[in-house]
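Both backbone and side-chain heavy atoms feed into the values below; hydrogens, waters and symmetry mates do not. Counting starts at 1 for both ligands and their atoms, in listed order.
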Amino acid sequence: MLLPEKEARFKTCPLLKTSDDKMKFCQGEACMMWRFKNPQRKDETDPGYCGLAGKPAGAM
Ligand code: SF4
């Protein structure tokens, strides 16, 4: 799913959990798995995706 980092930060991450086992939100660019669609454009409004599941269709 391509979306701006500022929206991704309101999606739950499949890996991160709190100490009491609750889901946490995506960390966006602060996470090593975050990828911007265009590596030259890294603003929070530029589209990107979580690299865990590979490239989404629109990111080619
Ligand atoms: S980019 Fe990182 S923090 Fe965001 S969903 Fe993927 S693994 Fe979780």
| task | Step through the shown structure and confirm whether more than 12 heavy atoms of other residues, nucleotides or ligands are within 6.0 Å of CE on Met23. | result |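 Yes, CE of Met23 has more than 12 neighbouring heavy atoms, counting only those of other groups under 6.0 Å.
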| field | Protein N, O or S atoms lying under 2.8 Å from atom 6 (Fe) of ligand 1, listed by chain and number | value | Cys50 SG
| task | Verify side chain to side chain contact (heavy atoms under 4.5 Å, CB included) between Thr12 and Lys24, making sure each step is shown before the conclusion. | result | CA-CA 6 Å; Thr12 53; Lys24 289 181 72 174; over 6 Å; no
| query | In chain order, what residues pass the salt bridge (Lys or Arg N to Asp or Glu O under 4.0 Å) check against Asp20, with sequence neighbours excluded? | reply | Lys22
| task | Please name all residues satisfying side-chain contact (heavy atoms from CB on, under 4.5 Å) with Glu29, sequence neighbours left out, ordered by chain then number. | result |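 Listed in chain order: Glu5, Trp34, Phe36, Lys42.
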| Residues clustering with Leu15 (ILVMFWY side chains joined when closer than 4.5 Å, directly or via others) | Met33, Leu52
| query | Do side-chain atoms of Arg35 reach the backbone of Cys50 as a donor and acceptor pair under 3.5 angstrom? | reply |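 Such a contact is absent between Arg35 side chain and Cys50 backbone.
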